[in-house]
There are 2 protein chains.
Amino acid sequence: MARVRMRDVAEHAGVSVRTVSNVVSGYRHVSPQTRARVQRSLDELGYKMDYLARGLRSGRTGFVALAVPFLAEPYFAELAQAVIKAAARRGITVLVESTAGDHEAERRILEGGLTNVADGVLFSAITVPAADVTATAPDFPLVMLGEHDVGDRFPRVGIDNVAAARTVVEHLVAQGCRRVVALGRNGSENGSQRAEGYRQALSAAGVRRVNWLVEPVEDWNRAQGYEAVSRLLEGSGPLPDAIFAFNDALAVGALRALDASGVRVPDEIAVAGIDDVPESAYTHPPLTSIAPDLDAIAERALTLLDEQGRVSDGQDTAPRSARREATPFRLVVRESSLRPPPAP
Amino acid sequence: MARVRMRDVAEHAGVSVRTVSNVVSGYRHVSPQTRARVQRSLDELGYKMDYLARGLRSGRTGFVALAVPFLAEPYFAELAQAVIKAAARRGITVLVESTAGDHEAERRILEGGLTNVADGVLFSAITVPAADVTATAPDFPLVMLGEHDVGDRFPRVGIDNVAAARTVVEHLVAQGCRRVVALGRNGSENGSQRAEGYRQALSAAGVRRVNWLVEPVEDWNRAQGYEAVSRLLEGSGPLPDAIFAFNDALAVGALRALDASGVRVPDEIAVAGIDDVPESAYTHPPLTSIAPDLDAIAERALTLLDEQGRVSDGQDTAPRSARREATPFRLVVRESSLRPPPAP
DNA sequence: GTGATCGTTTGCATCGATGCAAGGTCGCGA
DNA sequence: TCGCGACCTTGCATCGATGCAAACGATCAC
């Protein structure tokens with residue numbers, strides 16, 4: 001049973017190949033009878049489009065590449081799932097690439113390693129500096145996902161990190177926390193944004209500067225969260241009364257370290273994170289977090305890709321403006337940050 | 001800056017297109033000088049292979065499709081990551097498809113929805129019955145991943161589920177547990193295998209049948225684990241002294257339910273799962289589990305795909321034998337199942 | 001009746017690379 | 001010197017679909 005081509009269908013239906021193509025692609029001017037006959041042949045022979053051939057000829061493949069640092073990190077897995085779902089609604093297939101947080105791998109993406117195959121690229125970068133993106137100046141549709149801002153040339157979709165961080169910390173402060181430690185690193189683009197939100201919230205609440213502390217971590221995963229908090233607990237300084245983790249993975253590690261040391265959460269230390277990954281509802285205690293609307297992010301990102309595609313096809317005159325799309329998020333309050341009201 | 005084709009490179013280097021192709025593909029009989037000159041042109045013009053065109057002509061695309069039910073489930077995310085890594089080592093790109101556990105979606109995979117684009121398919125199915133796979137009889141390289149066994153026609157790669165379950169339950173029994181509840185469903189293929197291992201271990205340990213109990217759950221995720229254990233705790237029967245969850249997601253849900261009800265783990269109830277997903281090292285308390293060797297699975301699966309590819313190209317006489325590859329696993333013991341030795 | 005118009009169908013060239021097999025060059029043994 | 005094989009290079013057809021524009025027939029207005 002060899003592959004069925006349009007030619008085979010055409011012969012079977014007694015029409016030209018072009019007509020079969022017209023039927024398949026839903027071209028308007030095909031008589032009902034012809035359409036019906038061709039359709040019957042299509043079904044009977046079990047025709048399946050060769051996407052490669054179509055892609056070669058038409059220049060559009062129906063693929064979109066999604067590049068994330070670590071597919072196994074829950075946040076990115078969720079994001080990927082959302083993108084795949086949104087893409088499926090548009091009849092688009094997703095090509096998932098994992099850069100492993102490797103600088104070289106990220107550069108390769110920008111240099112168009114996937115250009116021929118994918119109609120566009122959704123790129124969630126962590127190492128590539130903004131300057132590199134603008135310098136490389138990719139000539140294919142590209143949308144940056146999440147936190148990493150790359151300046152004017154390409155749109156970015158994600159939550160407003162400053163606002164998100166501020167929201168969490170405001171909540172912690174409202175719970176009576178004063179000495180709030182930030183767990184993260186303000187070296188990266190999004191790290192410094194979250195640090196900024198942290199500072200804004202504390203400063204606005206009139207918390208004395210001496211109580212501010214950003215505990216640096218290299219990677220935002222569970223292990224580093226665990227280590228950082230262990231360090232903190234072993235240290236000689238006064239203990240914080242709250243931990244604001246730059247993401248939930250760090251918070252999960254933090255919770256484990258606190259649990260292992262017998263520190264009660266939230267009574268002694270409140271904890272909150274950002275991302276609201278699924279496991280955050282199952283931690284001990286359940287974790288307060290910021291829930292981004294991943295479906296909205298995926299949806300918007302694909303739309304922006306589409307628009308870029310049309311722009312570069314048609315009127316190239318319209319300047320690709322840098323749209324920084326801030327998608328909605330909400331604060332999800334769970335036990336980890338719920339402190340009893342202070343004694344009256 | 002339009003796309004650079006082989007033709008452009010050929011003109012630039014003063015050779016034929018075919019020679020450029022020979023250089024790119026590493027054909028032996030190319031003189032060093034020619035190769036060097038062409039190579040220089042390649043670099044200078046920044047040539048990038050058009051994978052679509054090559055795929056169309058040669059029939060091989062360099063893509064492998066990976067179909068999983070839920071990419072956002074940690075186990076599958078880890079698996080996908082492992083496959084992507086292993087594929088990258090072979091210069092293969094992975095196309096990730098998410099079936100959402102939908103029966104129709106799984107059927108579509110088997111009917112070759114990706115055949116043209118991918119050289120082969122790695123399929124982690126959960127709903128499609130084995131009979132369907134053999135009935136549909138896909139005519140493309142296919143390797144089943146994980147638990148689902150589909151009979152003789154296609155190889156399957158994964159751990160031995162019976163042995164894995166037996167190992168966990170043996171461990172629980174060795175910790176002194178007698179009334180071990182299994183959390184899962186023995187309707188599915190791999191469910192019944194894990195149930196079988198559970199029975200074997202209890203029976204071999206001489207545990208009385210009255211103490212056996214399989215608590216059914218629809219989907220193997222955190223929420224259902226939580227609900228099932230909540231039901232269990234609300235019930236009137238005697239409490240178990242251990243819970244064996246068919247996977248870690250269920251175990252995580254179970255731990256949360258126990259925590260919420262104030263049941264101490266492992267003192268009152270020991271808990272263990274299968275998969276050893278990353279979060280299992282961070283639960284409260286850390287979860288005992290079975291760690292499959294995902295890298296080995298990915299590696300082996302790709303090798304088997306390769307072999308099928310060659311078989312169907314060359315001598316098709318060799319019968320595609322059903323190799324059920326049992327990859328190694330190990331028991332990872334953590335606090336959740338460590339009970340104090342019984343009083344002397 | 002005739003030309004214009006619309007709707008429908010078709011043929012041919014083409015996307016960019018590789019399979020195939022022939023053509024050319026060179027060196028070497030007879 | 002000729003013939004032969006080894007090595008290198010090339011031209012042409014081709015993979016399967018779509019872009020383009022022409023051809024065809026029927027309908028319609030004049």
Side-chain angles (χ1 to χ4, degrees), chain A residues 2-39 41-42 45-63 91 112 114-119 140 313-314, chain B residues 2-39 41-42 45-63 91 112 114-119 140 313-314:
Chain A
R3 163 131 65 258
V4 180
R5 297 154 303 172
M6 277 195 179
R7 200 162 91 196
D8 304 317
V9 177
E11 282 174 16
H12 186 271
V15 296
S16 77
V17 179
R18 200 61 186 75
T19 298
V20 177
S21 170
N22 284 337
V23 170
V24 170
S25 64
Y27 182 66
R28 265 188 303 270
H29 301 305
V30 177
S31 74
Q33 308 95 294
T34 307
R35 184 182 299 278
R37 195 167 69 244
V38 171
Q39 190 58 56
S41 297
L42 284 168
L45 299 182
Y47 173 77
K48 266 160 219 142
M49 169 71 75
D50 184 324
Y51 295 103
L52 292 184
R54 182 180 60 177
L56 175 59
R57 185 64 186 108
S58 72
R60 297 208 155 197
T61 58
F63 290 112
L114 299 167
T115 315
N116 298 319
V117 175
D119 295 336
F140 49 87
D313 277 359
Chain B
R3 166 135 66 257
V4 180
R5 296 153 303 170
M6 276 196 180
R7 198 160 92 197
D8 304 317
V9 177
E11 282 174 15
H12 186 271
V15 296
S16 76
V17 179
R18 200 61 186 76
T19 297
V20 177
S21 171
N22 284 337
V23 171
V24 170
S25 65
Y27 182 65
R28 266 187 303 269
H29 302 304
V30 178
S31 73
Q33 308 94 293
T34 307
R35 184 182 300 278
R37 195 167 70 243
V38 171
Q39 189 59 55
S41 297
L42 284 168
L45 299 181
Y47 173 77
K48 265 160 221 142
M49 169 72 74
D50 184 324
Y51 295 103
L52 291 184
R54 182 179 63 178
L56 175 60
R57 185 63 186 105
S58 71
R60 297 207 155 199
T61 58
F63 289 112
L114 301 168
T115 315
N116 300 319
V117 175
D119 294 336
F140 49 88
D313 276 358

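No hydrogens, no waters, no symmetry mates; every other heavy atom, side chains included, goes into these values. Keep in mind the model is a prediction, meaning the values are calculated, not measured. Convention: sequence-line order gives letters A, B, ...; per-chain numbering from 1.
Exactly one of B:Leu42, B:Val20, B:Val38, B:Val23 qualifies for a side chain to side chain contact (heavy atoms under 4.5 Å, CB included) with B:Met6. That residue is B:Val20.
Look at B:Arg18 and you won't find any side-chain N or O under 4.0 angstrom from OP1 or OP2 of D:dG11.
Contacts with DNA chain D (heavy atom under 4.0 Å) in residues 20-28 of chain A: A:Ser21, listed by number.
Looking only at side-chain heavy atoms (C-beta outward), B:Val4 and B:Lys48 stay at 4.5 Å or farther from each other. The shortest side-chain heavy-atom distance between A:Arg5 and A:Val9 does not fall under the 4.5 Å cut-off. Within the 4.5 Å cutoff, the side chain of B:Asp50 has heavy atoms near those of the B:Arg3 side chain.
The side chain of A:His29 sits closest to C:dT8 out of D:dT18, D:dT9, C:dT8. Nearest nucleotide to the side chain of A:Ala53, out of D:dT10, D:dT9, D:dG16: D:dG16. Taking every side-chain heavy atom of B:Met49 into account, C:dA17 is the closest of D:dA17, D:dT9, C:dA17. Side-chain proximity of B:Ser16 to the nucleotides D:dG11, D:dA17, D:dC8 is greatest for D:dG11. Listed candidates were C:dA17, D:dG16, C:dG7. Nearest to the side chain of A:Arg5 is D:dG16. With D:dA17, D:dT9, C:dT9 as the candidates, the nucleotide lying closest to the side chain of A:Tyr47 is D:dA17.
Here the C1' atom of nucleotide C:dT9 and the CZ atom of A:Arg35 are 13 Å apart, to the nearest Å. At whole-Å resolution of the value, CG in A:Asp50 and P in D:dT18 are 10 Å apart. Between the P atom of D:dG11 and the CD atom of B:Glu11 lies a distance of 12 Å, rounded to the nearest Å. Atom-to-atom, CG of B:Leu56 to C1' of C:dT18 comes out at 10 Å; the value is rounded to the nearest Å. Per the geometry, CZ belonging to B:Arg37 stands 8 Å off P belonging to D:dT9, to the nearest Å. One can place CD of B:Gln33 at 12 Å from C1' of D:dC7, the figure rounded to the nearest angstrom. Atom OH in A:Tyr51 sits about 21 Å away from atom P in D:dC15, given to the nearest Å. At whole-Å resolution of the value, CZ in A:Arg54 and C1' in C:dT14 are 17 Å apart.
The shortest non-hydrogen separation linking B:Arg35 to B:Gly26 is NH1-CA, 4.4 Å. A:Leu56 and B:Ala53 get closest at one heavy-atom pair: CD1-CB, 3.9 Å.
Atom OH of B:Tyr47 has more than 12 heavy atoms from other residues, nucleotides or ligands within 6.0 Å.
Without hydrogens or angle criteria, A:Thr34 side chain to A:Val30 main chain gives no donor-acceptor distance under 3.5 Å. Side-chain atoms of B:Asp119 come within 3.5 Å of backbone N or O of B:Thr61 as a donor-acceptor pair.
A distance of 10.0 Å separates CG in A:Asn22 from NE2 in A:His29, rounded to the nearest 0.5 Å.
Summary of the strand contacts: B:Thr19 and B:Ser58 both lie near DNA chain D, and taking for each the nucleotide with the nearest heavy atom, the more 5' one is attributed to B:Thr19.
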| task | Mind running side chain to side chain contact (heavy atoms under 4.5 Å, CB included) on A:Arg37 and A:Val15 for me, showing each step along the way? | result | CA-CA 9 Å; A:Arg37 195 167 69 244; A:Val15 296; 3.4 Å; yes

Stepwise side chain to side chain contact (heavy atoms under 4.5 Å, CB included) check, A:Phe63 with B:Val117:
CA-CA 11 Å; A:Phe63 290 112; B:Val117 175; 3.4 Å; yes

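Taking five base pairs at each end of the helix from C:dG1-D:dC30 to C:dA30-D:dT1, the local helix axes there meet at an angle of 60°, rounded to 10°.
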Under 3.5 Å, which N/O atoms of the protein pair with N/O atoms of nucleotides 23-27 of chain C?
none

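One donor-acceptor pair, N or O on each side, does fall under 3.5 Å between the base of C:dT18 and the side chain of B:Arg57.
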